[in-house]
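Just so we're clear, the structure is a prediction, and the values are computed from it rather than from any experiment. One-based numbering, in listed order, for ligands and for the atoms of each.
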Amino acid sequence: MIVEFEEVYSGYGNTVVHKGISFKVESSQIVAIVGGSGAGKTTLLRLILGLLKPLKGEVRLFGKSIKNLSEEELQKLRDRMGVVFQFSALFGSMTVLENVMYPVIKKRKLDRSIVEMNACFKLSVCGLKPEDFYKYPQELSGGMKKKTALARALSLDPELLILDEPTSGLDPISAEEFDNLIKTVRDTFGTTVIMVTHDLPSLRICDKVLALREGKIVFDGKPQELFESE
Ligand code: ADP
Ligand code: ADP
């Protein structure tokens, strides 16, 4: 199991956010988290990133309970995750290729040519063409920026990919293209994907949808069942 929550309560100070939530995310699943503003989606991602510990209940990441882990041990788990935030900014002073090489250069001692080859491969999988690799972020369309951010999140070969509203701000065609790309990434690398989304069409690529309302899970099932239940 990649992620497992068991009767999790979470919160900040006196604010209780999650009120006993349980769910599982299996290897290579694409799971969507949906719900209105304030439902607890961002806090759920913080728990999955080990940035917040539960007040009660168990959060298991890659089979390990995070309750008694040190910051160093949590960082080791985070190193197995790739993240694309809603406003994931690319480094404006770096080319597309340099942006994708950067996390690897920072973390690993590898030959530059190997890092570059790996970055080119990730960019190609993410649908960028070689002539785009030497462009700067400000020369890219919104869709291309998102693809570059995704390639960068894949640079260290994460087992779990976390996406926070990946298609927000994209036109419907670019959004559909990006959804297909997420599916390709899962099919190519076997990456598990957890994404917060407001985009109903995106649910099509998901194996499972978790709907949150007021800190509780009100739906956990296949996307088609969600539409049938309405
Ligand atoms: P969502 O992402 O679904 O909009 P959040 O997880 O951001 O929901 O927020 C859930 C609840 O927790 C909200 O009531 C919000 O005001 C509260 N909250 C979020 N972050 C903090 C924080 N850092 N400190 C105190 N309360 C917070
Ligand atoms: P590093 O110093 O190696 O960048 P961090 O602890 O800053 O490690 O971040 C680890 C992972 O958690 C990164 O993928 C980062 O994007 C993500 N992260 C960092 N801060 C936050 C945050 N406030 N909310 C959600 N995710 C975060």
Side-chain angles (χ1 to χ4, degrees), residues 1-25 29-62 64-67 69-71 74-75 77-78 80-89 142 145-146 149-150 153 158 160-170 175 178-179 182 191-223 225-227 229-230:
M1 211 62 65
I2 302 293
V3 174
E4 197 171 357
F5 277 48
E6 214 179 284
E7 280 299 304
V8 168
Y9 287 75
S10 75
Y12 310 93
N14 290 328
T15 314
V16 177
V17 178
H18 296 116
K19 300 160 189 155
I21 59 170
S22 305
F23 66 90
K24 291 174 184 175
V25 178
Q29 276 189 328
I30 301 179
V31 176
I33 300 168
V34 302
S37 176
K41 304 181 297 295
T42 307
T43 305
L44 189 60
L45 293 188
R46 293 182 61 81
L47 287 160
I48 294 170
L49 280 158
L51 295 166
L52 184 73
K53 287 191 179 176
L55 299 171
K56 218 172 107 188
E58 283 285 351
V59 171
R60 289 190 204 91
L61 306 175
F62 307 109
K64 261 203 188 99
S65 166
I66 66 166
K67 205 167 11 189
L69 296 187
S70 65
E71 186 46 42
L74 287 170
Q75 187 56 50
L77 297 183
R78 267 176 226 136
R80 297 165 70 175
M81 306 179 192
V83 189
V84 180
F85 294 113
Q86 191 178 349
F87 301 107
S88 268
K145 279 185 198 155
K146 296 266 183 189
L150 181 62
L160 173 60
L161 186 62
I162 296 175
L163 309 169
D164 191 5
E165 299 193 37
T167 54
S168 72
L170 295 181
F178 196 85
D179 288 337
I182 293 167
T191 317
T192 307
V193 181
I194 299 178
M195 63 172 180
V196 166
T197 185
H198 281 125
D199 223 13
L200 280 184
S202 298
L203 301 185
R204 161 185 68 85
I205 63 155
C206 297
D207 301 299
K208 181 185 166 90
V209 180
L210 297 173
L212 285 172
R213 189 182 297 153
E214 291 167 12
K216 292 194 175 145
I217 292 180
V218 292
F219 178 85
D220 176 345
K222 294 192 188 311
E225 294 162 8
L226 177 66
F227 297 119
S229 73
E230 272 172 3

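Taking 4.5 Å as the limit, every side-chain heavy atom of F219 sits out of range of all side-chain heavy atoms of L210. Looking at K53 and I66, their side chains come closer than 4.5 Å, going by heavy atoms from C-beta outward.
Across all their heavy atoms, S10 and L55 have their closest contact at C-CD1, 3.6 Å.
Remark: E7 does not engage K56 in a salt bridge, criterion side-chain N to carboxylate O under 4.0 Å.
Residue pairs meeting the side-chain hydrogen bond (donor to acceptor under 3.5 Å, both in side chains) criterion with at least one partner in residues 206-216, sequence neighbours excluded, are R186-D207, K208-D220.
Contacts of ligand 1 (protein heavy-atom distance under 4.0 Å) are Y12, V17, G36, S37, G38, A39, G40, K41, T42, T43.
Applying side chain to side chain donor-acceptor pair (under 3.5 Å) to T167 and the options D199, T197, D179 leaves one that passes, D199.
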